Amino acid sequence: MKKQTMVQATFIMIVVGFLIKLLGVVNRIIVTRALTEEGIGVYMLISPTVMLLATLATIGLPVAIPALISRGDIKEKKVLSVSLFISLSLSSLITIIMFFVAHPISAYLLKDERVALPLMLVGPLLFVVSFTAILKSYFQGKENMTPGAISTMTEQIVRMVLSLLLITWLLPKGIAYAVVGLMLASIGGELVSAILLTVMFLNFKKKNYPKSDFKLPKLAPVNFKDVLGISIPTTGSRLIGTVTHFLEPIIVARMLFRMGYANEVATQMYGAVAGFAIPLLFMPSFVSSAVTQAIVPAISKAYKKFDFTTIHRRLSTAFRMAFFASGFYLVIVMIFPYEIMELLYNSRTGAEFLKVMAPVFLILYLQAPLVATLQAIGEAKFAMRASLIASFIKITLMTLLMLISGMNIWGLVLAILFNIVLLTCWYYVLAAKRVAYKLSIRKILNGAFVLGIIYFLGQYLRGALTFESQLLQVLIITGILFVAHSALALIAGLLPK
């Protein structure tokens, strides 16, 4: 397995990111249609808990391992041994704890006892997730993205097939058992990924380290210090988002219950936002993620030379890419909210939120380049502090808004949108201070003008061009609008160079 250049690695991340996102969409379509709206609501209640526990189980190891492996002056076997010991110990502890607290969490926090059984399966899932994360991180440290890409795509395909089979088999027994089937499908997918990574790891060791054995090395406190010295600060940053996400369904469930909504209704209302609307709005995230990872080294190098011109150019390029890809996608979502929901999920649940949330989500895609800039110039702590304060404001605002009569789930929606605007503006102010970057007002107005034209042209075509097939109408109008969007972006000087 050859070491890859940064350009090759970035290209792999973009292609794989797209394919994984595509597989994720297909998987979500299958799961949503099989699990029903009620089942999606139940699954979305436990999803933040799974994310929080996964963050605790991996404790920043996916960041620490590549950093240590790439140095070359630390024994790889000790890094992997320490990482496996830490991760498997934490997974065991979480599994034992969840066995005893699953029922109290479901009954008193999430207000839906159907989530108790799926919560008990979080522990076994974490074992496999932790193991695959460590092996993927090892190959990343070796600057080889191919094994991680192959295993992730395989995991998605296996999960997709198992989801359909297990949900169909278990749904007649009840929604809780259907969600258990979804959890088992996740475990199965991760297990296949772990086996595949293990085979590739053994082949890699045999080819590059033929004299290597698999005896456990003697570990010293310094080995744990090396790993934890990087992983713990990283975990602190990630925990902010995951803890906020963990508290979100708990507060929503309690507020809606307090307003008089039945548990099943509250679960469906939360699922409409978190399970249907938001995943659709996050669809173009793989583009900003790949571009962001690509600009970090360049910005870091330029900052050391105080070359602010290069930093500004990289940031502007990232913003243009975010505008071109994400802006167009979000306008299409605003034009066809109900049609897209029906085509993907065979349901209109959550479509009413798309028109309101889509314009603000364009601002969200400007966050990634700003955060990447702060990380590249060594100011990640300021970004973490801003994220912590903004998360607290979001939780507070969400609670207050949901207390208002008639607001119900819209309190959550408005709090999410306010958080996006606040955090993006905050990151921009921090970046502007550190690298003297200023957004071009003319470019912002040009971008708004282009998207406005595309939106109104789309609404006109939607009424003028009618076909028997809803899918055909969406595809033809989207094609026409893409050509118009590209031409207008070119004229306005908004295409990325």
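The structure presented is a predicted model; accordingly, all values stated were derived computationally and were not measured.
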May I have the step-by-step check of side chain to side chain contact (heavy atoms under 4.5 Å, CB included) for L354 and I340, ending in yes or no?
-> CA-CA 10 Å; L354 292 178; I340 290 174; 5.7 Å; no
Here the pair of heavy atoms bringing L370 nearest to L315 is N-CD2, 4.4 Å
Kindly give the heavy-atom pair with the smallest separation between G39 and I175, and that separation in Å.
-> CA-CG2, 3.7 Å
dist I363:CD1 -> C425:SG (nearest 0.5 Å) comes out at 7.0 Å
Stepwise side chain to side chain contact (heavy atoms under 4.5 Å, CB included) check, E342 with R348 = CA-CA 6 Å; E342 284 186 348; R348 292 196 166 198; 2.5 Å; yes
Nearest non-hydrogen partners of V115 and S106, listed with the distance = CG2-CB, 3.3 Å
Evaluate the side-chain proximity of L53 to L56: yes if any heavy-atom separation is below 4.5 Å, no if none is.
-> yes
If only atom types and distance count, is the side chain of N408 paired as donor or acceptor with the main-chain N or O of L256 below 3.5 Å?
-> no
Going by heavy atoms in the side chains, are V333 and L280 under 4.5 Å from each other?
-> no
Using the side chain to side chain contact (heavy atoms under 4.5 Å, CB included) rule, take I278 and M357 through it: C-alpha gap first, then chi angles, then the decisive distance, then the call.
-> CA-CA 9 Å; I278 290 181; M357 300 179 78; 4.0 Å; yes
Can you check whether G189's main-chain N or O pairs, donor with acceptor, with S193's side chain at less than 3.5 Å?
-> no
From CA spacing to verdict: side-chain hydrogen bond (donor to acceptor under 3.5 Å, both in side chains), Y270, E248 | CA-CA 10 Å; Y270 180 70; E248 187 180 284; 3.0 Å; yes
For L451 against F328, the heavy-atom pair lying closest together = CD2-N, 4.3 Å
Search all heavy atoms of F282 against all heavy atoms of L364 and return the closest pair with its distance.
-> CE2-CD2, 3.5 Å
For the atom pair OG1 (T154) and CG (L196), what is the distance rounded to the nearest 0.5 Å?
-> 5.0 Å
Reported OG-to-CG distance for the pair S47 and L52, which is rounded to 0.5 angstrom = 11.5 Å
For the residue pair I409 and L412, establish whether any side-chain heavy-atom pair is separated by less than 4.5 Å.
-> yes
Check whether any side-chain heavy atom of Y43 sits under 4.5 Å from a side-chain heavy atom of I46, and report yes or no.
-> yes
T58 and A133: which non-hydrogen atoms are nearest, and at how many Å?
-> CG2-CB, 4.3 Å
Would you indicate whether the side-chain heavy atoms of V273 and M44 approach each other to under 4.5 Å?
-> no
Do I393 and F418 come within less than 4.5 Å of each other through their side chains, counting heavy atoms only?
-> yes
Of L166, I40, V31, which meets side-chain contact (heavy atoms from CB on, under 4.5 Å) against L182?
-> V31
From M183 CE over to L125 CG, what is the distance, rounded to the nearest 0.5 angstrom?
-> 5.0 Å
How many angstroms lie between atom OG of S391 and atom CD1 of I395, to the nearest 0.5 angstrom?
-> 7.5 Å
Look at the side chain of S87 and the backbone N and O of S83, then say whether any donor-acceptor pair between them is shorter than 3.5 Å.
-> no
Is any side-chain heavy atom of W410 closer than 4.5 Å to a side-chain heavy atom of M407?
-> yes
Stepwise, does the side-chain hydrogen bond (donor to acceptor under 3.5 Å, both in side chains) test hold for E190 with T132?
-> CA-CA 7 Å; E190 289 287 350; T132 55; 3.2 Å; yes
Passing candidate, side-chain contact (heavy atoms from CB on, under 4.5 Å) with R254, options V252, I250, I251 = I250
Evaluation steps, side chain to side chain contact (heavy atoms under 4.5 Å, CB included), between K136 and S151 = CA-CA 9 Å; K136 286 177 184 177; S151 65; 3.4 Å; yes
Are a donor atom and an acceptor atom from the side chains of Y455 and Q459 found within less than 3.5 Å of each other?
-> yes
If you draw a 6.0 Å radius around OH in Y428, do more than 12 non-hydrogen atoms from other residues or ligands fall strictly inside?
-> yes
Examine the side chains of T373 and Y437 and answer whether a donor and an acceptor come within less than 3.5 Å of each other.
-> no
Any side-chain donor near an acceptor of the partner, Q367 and T424, under 3.5 Å = yes
Can you name the one residue among V128, L135, I134 that meets side-chain contact (heavy atoms from CB on, under 4.5 Å) with F131?
-> L135
Side-chain heavy-atom pair F127, S92 within 4.5 angstrom cut-off = yes
Separation of K443 NZ from F319 CZ (nearest 0.5 Å) = 14.0 Å
Proximity of F323 and H485 rings by center, below 6.0 Å = yes
